[in-house]
Number of protein chains: 2
Amino acid sequence: MKRNTWQRQAVRDALSTSGGFVSAQELHAGLREGGSPIGLATVYRALSDLASEGEADSLHGNDGESLYRACSTEGHHHHLICSNCGTTVEIEADAVETWAKSTAEAHGFTQPRHVVDIFGLCPRCSAEAAVAHSA
Amino acid sequence: MKRNTWQRQAVRDALSTSGGFVSAQELHAGLREGGSPIGLATVYRALSDLASEGEADSLHGNDGESLYRACSTEGHHHHLICSNCGTTVEIEADAVETWAKSTAEAHGFTQPRHVVDIFGLCPRCSAEAAVAHSA
DNA sequence: CGCCTTGATGATAACGATTGTCAAAGTCAG
DNA sequence: CTGACTTTGACAATCGTTATCATCAAGGCG
């Protein structure tokens, strides 16, 4: 049986409210800040459940944390992330969506989910890096 | 100053020999098997260095480990990974390379590195999933 | 409405991967 | 060869995540 607890709802809400990717720890911290005495283990469980039910997508960030985001099967976008300062720019990529889908199908794969993220140095950090190099 | 120790070379060799993605732990285990009394910490350091020098690329797998691969600036390819059985198919994606680069540039980002991986169910697992669903 | 069954919760411990520490050894320049 | 300085490597510390397990609450039923 699947019970509908307020904790699970809280996690789901927090996830969709955040919009982008959030780590389990951040989500937990946020919920605690918001007054919920929710436990860390519960947040992990809820996220894990949501992910396996297809309501959330997960990927691993560059700092070893698992990031989750509310999965709206469409309205899907990717990220351009600064390796240095963490700035994130949301980008859309219909071309890539299409490519991913057709590539998956060409190999007989179904249920294509893709992780397309571009890491680089944002304009500011690029400038700083240039200075650091010349110094 | 950057010293050139056999340990670092060993790591670099092991990385390029493996071809695909390897976890730090696997790499370390492999080196030990091969007779090198190299330390685990050293492997991590070497990989980290190689990654920051641009000689290696790193991404985080779905099991919490960091995966590294020798970065041949060209001959670069992506992976189509089965979420269920782990089968990996290498795919090429010039179109995506170009897209990633131009998108990064369009936002003023430099040193674009991208992570483009498609997860899905391979033909075999798709079939099994279909059976499981109908059962 | 209250009881009972059963899954969910949460504090904590366990766990694995990664990173920091620091003495000892190795490497390179002179 | 010698000295200075870096890297190594064993081990502990740290961090994120997962398992454990007693307790609690949700929901169905009488």
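Because the structure is predicted, anything quoted here is derived from the model rather than measured. Here is the naming used below: chain letters follow the sequence lines, and residue numbers restart at 1 for every chain.
For A:R32, taking side-chain heavy atoms from C-beta onward, the closest of the listed nucleotides C:dG10, C:dA11, C:dT18 is C:dA11. Minimum atom distance to the side chain of A:Q25 is reached by D:dT17, of the listed D:dT17, C:dT27, C:dT18. Comparing atom distances between the A:Y44 side chain and each of D:dG16, C:dG20, C:dA11 picks out D:dG16 as nearest. Taking only side-chain atoms of A:W6, from C-beta outward, the nucleotide of C:dA17, D:dT17, C:dG10 with the closest atom is C:dG10.
If you take CG of B:D49 and P of D:dT7, they are 8 Å apart, rounded to a whole angstrom. Computed from coordinates, the B:L47 CG to D:dT8 C1' distance equals 15 Å when rounded to whole Å. Residue A:L40 contributes atom CG, which lies 10 Å from atom C1' of C:dA11 at whole-angstrom precision. Rounding to whole angstrom units, CG of residue A:L67 and P of D:dC15 are separated by 18 Å. C:dA17 atom P lies 13 Å from atom OH of B:Y68, rounded to whole Å. Whole-Å rounding puts the B:E65 CD to D:dT17 C1' distance at 14 Å. As a whole-Å value, the separation of B:E26 CD from C:dG16 P is 16 Å. Between the CD atom of A:Q7 and the C1' atom of C:dG10 there is a distance of 9 Å, given to the nearest Å.
When the side chains of ILVMFWY residues are joined at heavy-atom separations under 4.5 Å, either directly or via intervening members, A:F21 and A:Y44 end up in two distinct hydrophobic clusters.
Nearest heavy-atom pair, A:A14 versus A:L31, reported as atom, atom and distance to 0.1 Å: CB-CD2, 3.9 Å. The minimum heavy-atom distance linking B:H28 with B:L40 is given by the pair NE2-N, 3.4 Å. Here the shortest heavy-atom pairing between A:L15 and A:A70 reads CG-N, 3.6 Å.
Residue contacts shown for A:T5 are limited to sugar-phosphate atoms, with no base heavy atom under 4.0 Å away. Within the 4.0 angstrom heavy-atom criterion, only backbone atoms of the sugar-phosphate kind lie near B:S66; the bases stay farther away.
For a distance-only test at 3.5 Å, the side chain of A:R3 qualifies as a donor-acceptor partner of the base of C:dT6. For a distance-only test at 3.5 Å, the side chain of B:R45 fails to qualify as a donor-acceptor partner of the base of C:dG20.
Toward the 5' end of DNA chain C, the nearer of the two residues A:G39 and B:A24, judged by each one's closest nucleotide, is A:G39. Each of A:R8 and B:A41 was matched to the nucleotide of DNA chain C holding its nearest heavy atom; the match closer to the 5' end belongs to A:R8.
Residue-environment remark: CD (A:E33) stays at or below the threshold of 12 foreign heavy atoms within 6.0 Å.
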